[in-house]
Amino acid sequence: MYKMHRDIEELRSGNQSPRPETPEPDSRQGRRNAPEAGVQLLDDDGAISTQLESCLKHIFAKYCTPKPSPTERNDAFLEPPEGAYLSPEGLDAWARDTNGTPFDDATKEELLMFMDVTEDGGLTFKGFTQVYQLQTENDEEETWRDLSAHGFDRTLRLVATRREDADNDPRAITGSSS
């Protein structure tokens with residue numbers, strides 16, 4: 001997850017270049033993955049791609065309230081239940097697993113102010129995707145790092161670099177040879 005070093009409003013404005021040294025000025029953020037990979041983070045219209053959305057649902061479902069039931073699986077990816085949200089504890093766990101540390105209070109306040117949340121302040125899946133939409137538009141590589149932290153490779157395949165993902169995903173590559 002983008003560590004929110006930049007103010008969300010700054011990201012929304014899109015006026016600054018997050019990586020001015022990037023040698024590909026004509027390439028659009030969210031569409032820089034190698035064409036042979038067959039997946040991009042953003043679609044041609046700049047929206048979250050269906051492949052990325054599936055990954056985000058899986059990640060969100062690991063931390064949401066209520067927890068997904070074992071039957072709420074789509075092709076071995078977790079699916080968040082209808083009305084699911086990230087509680088403060090879920091938000092902290094997601095941030096810790098993504099960045100190594102929970103968000104500070106100022107970042108949490110920004111999320112609650114600018115992203116879609118429940119009346120009680122829980123981050124909804126829509127809000128979760130808003131975070132990744134902004135991040136990917138401004139710093140695609142940060143999104144790839146987040147996905148990698150949750151076990152996804154550059155083809156958005158779950159490769160189980162994390163033990164709980166290997167235990168929960170029968171499609172995951174475990175590294176053993178037969």
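Positions are given from 1 along the sequence.
Interatomic distance, OG1 of T143 versus CD of E137, reported as 10.0 Å (0.5 Å rounding). A distance of 11.0 Å separates CG of L147 from NE2 of H58, quoted to the nearest 0.5 Å. Here CD of Q130 is found 12.0 Å from CZ of F114. Values are rounded to the nearest 0.5 Å.
Considering all non-hydrogen atoms of both residues, A61 and P80 come closest at CB-N, 3.7 Å. Of all the heavy atoms in S54 and F77, the pair that sits closest is O-CD2, 3.7 Å. Of all the heavy atoms in K67 and P81, the pair that sits closest is O-CG, 3.7 Å.
Cluster annotation: L86 and V131 are assigned to the same hydrophobic cluster (Ile/Leu/Val/Met/Phe/Trp/Tyr, side-chain heavy-atom contacts under 4.5 Å, transitive). There is a path of hydrophobic side-chain contacts, each under 4.5 Å, that joins L91 to F128.
Proximity of E79 to P68: side-chain heavy atoms (C-beta onward) are nowhere separated by under 4.5 Å. F125 places a side-chain heavy atom less than 4.5 Å from the side chain of L56. Two residues are said to be in side-chain contact when any heavy atoms from C-beta on lie closer than 4.5 Å; L78 and K57 fail this criterion. Counting heavy atoms from C-beta on, the side chains of V39 and R157 never come closer than 4.5 Å. Between E89 and T65 there is no side-chain heavy-atom pair separated by less than 4.5 Å.
Checking each of L123, T129, T124 against M115 for a side chain to side chain contact (heavy atoms under 4.5 Å, CB included) leaves exactly one that passes, namely L123.
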> Do T101 and N99 pass the side-chain hydrogen bond (donor to acceptor under 3.5 Å, both in side chains) test, and can you show the C-alpha distance, the side-chain angles, and the key distance before you say yes or no?
Replying inline: CA-CA 6 Å; T101 183; N99 299 316; over 6 Å; no
>> side chain to side chain contact (heavy atoms under 4.5 Å, CB included) for I48 and L41? Distances and angles first, verdict last.
In response: CA-CA 6 Å; I48 297 272; L41 298 181; over 6 Å; no
>> Set out, in order, the CA-CA distance, both residues' side-chain angles and the distance that settles side chain to side chain contact (heavy atoms under 4.5 Å, CB included) for L42 and Q133, then state yes or no.
In response: CA-CA 8 Å; L42 300 179; Q133 175 78 38; 4.1 Å; yes
>> Could you walk me through whether W94 and F60 satisfy the ring pair (Phe, Tyr, Trp, His ring centres under 6.0 Å) test, starting with their C-alpha distance in whole Å, then the side-chain angles of each, then the deciding distance to 0.1 Å, before giving a yes or no?
In response: CA-CA 8 Å; W94 164 57; F60 184 83; 8.4 Å; no
> Passes side chain to side chain contact (heavy atoms under 4.5 Å, CB included), R145 versus E142? Steps please.
Replying inline: CA-CA 5 Å; R145 283 189 289 276; E142 186 67 31; 2.8 Å; yes
>> Pair D146, Y132 - check side-chain hydrogen bond (donor to acceptor under 3.5 Å, both in side chains), show working.
In response: CA-CA 10 Å; D146 291 358; Y132 277 102; 3.2 Å; yes
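Under the 3.5 Å distance criterion, with hydrogens and angles disregarded, no donor-acceptor pair is assigned to the side chains of S49 and D43. The closest side-chain donor-acceptor pair between D120 and T118, if any, does not fall under 3.5 angstrom.
Salt bridge present: E141 and R154 bring a charged side-chain N and a carboxylate O closer than 4.0 Å. For the pair D97 and K62, the salt-bridge criterion is not met [side-chain N within less than 4.0 Å of a carboxylate O].
Between W144 and F152, the gap from one ring centroid to the other reaches at least 6.0 Å.
Between the side chain of D104 and the backbone N or O of A106 there is at least one donor-acceptor pair closer than 3.5 Å.
Ring geometry, H150 versus Y63: the interplanar angle exceeds 60°, so the pair is classed perpendicular (tilted spans 30 to 60°).
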